[in-house]
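To start, the structure itself, in structure tokens.
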Amino acid sequence: MKKFITEHQSPYLDLTTEASEILYRGHSDFQDIVVADSKEFGRMLVLDGVFQTSVKDEFMYHESIIHIPLFLHPNPKRVLIIGGGDGGSAREAVRHPEVESVAMVDIDGKVIELSKQYFPEISKAMLEENPKLTVTVGDGIAFMRQAENYYDVIIVDCSDPVGPGEGLFTYDFYKDTFKALKDDGIFVQQTESPFMHGKLVKDVFDCVSDIFPIARLYTAFIPLYPSGMHCFTLGSKKYDPLQWTPNRKRTFPTRYYNEGIQQSAFVLPNFVKDLLYGKADR
Ligand code: SAM
């Protein structure tokens, strides 16, 4: 009999793919976890019924969430990743020669353990115990509260704003993030789809605009996620992505990211501009 895995993307829309095998099905203290080999996306991680990552398209997400802020910063030495338990963001961050340390804080040790077991390509930096990387199992909200003036770049590679990820989408959390960054620090969070989750995108953008002198939104194509049009919200204390010019040479190959995308990712369609700024701005 055929097996399928499904994400209910909205009350009216599902994404279903045929699975050749369900490799793991269980739950941690925080969430239900499924690992499956899908016929369309390769091996996939599913948390609380939401598709998190797939071997086939993960590079689109991880390169977008990491390389855009890291190449915006002229000298990113200390990076903090909140969430990111599959290890893909950490894998990309350690590739930057300027980066001296990457601290990753995920609330769910089970996701980390299963990612190392079932996703060796994605969790590579964790598996190989990359010397730049420190992995902590803990709540990113509490971790951020005690950090001050320390990080060059903070990445919030979180699940959706339900369950343990809910508090990562609040004004207080963004205030703590601002405090944890150095004077020229940059913050990026994955913020779902502007096509499907307009209210969330607008709410986060308003908070970040209120707290950071520079707030920008950028998009990437990620086939696994609702609508395929995903966005990231960026808050910056000094460097404006709209003024970016190359500040150093990229020393490693990428599959999605390039210097054109560093700029074009911030070019927004009018319906997204309307969502963020109102219709008056175009
Ligand atoms: N790329 C993914 C996406 O957009 O769907 C996110 C992947 S990553 C697996 C999300 C991680 O966020 C999970 O491992 C989850 O445990 C972690 N997480 C959720 N809430 C958290 C919190 N409060 N503190 C730290 N990590 C958290």
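Counting starts at 1 for both ligands and their atoms, following the listed order. Reckoned from all heavy atoms, side chains included, excluding hydrogens, waters and symmetry mates. The shown structure was predicted, so the numbers you read here are calculated from the model rather than taken from an experiment.
Ion pairing between E121 and R43 fails under the 4.0 Å rule for side-chain N and carboxylate O. Salt-bridge formation is detected for the pair E259/R250: a Lys NZ or Arg NE/NH1/NH2 atom is positioned less than 4.0 Å from an Asp or Glu carboxylate oxygen.
Cation-pi check for R216 over F266 is not met; the charged atom does not lie both under 6.0 angstrom from the ring centroid and within 45 degrees of its normal.
The distance from atom CD of Q189 to atom SG of C231, rounded to the nearest 0.5 Å, is 10.0 Å.
For F212 and Y174, the gap between ring centers reaches or exceeds 6.0 Å.
Remark: H230 engages Q190 in a side chain to side chain donor-acceptor pair (under 3.5 Å) (not counting sequence neighbours).
When heavy-atom distances to ligand 1 are checked against 4.0 Å, the residues falling inside are Q31, L47, Q52, Y61, G83, G84, G85, D86, V105, D106, I107, D108, V111, G138, D139, G140, D157, C158, S159, P164, G165, L168, Q190, Y225, ordered by chain and number.
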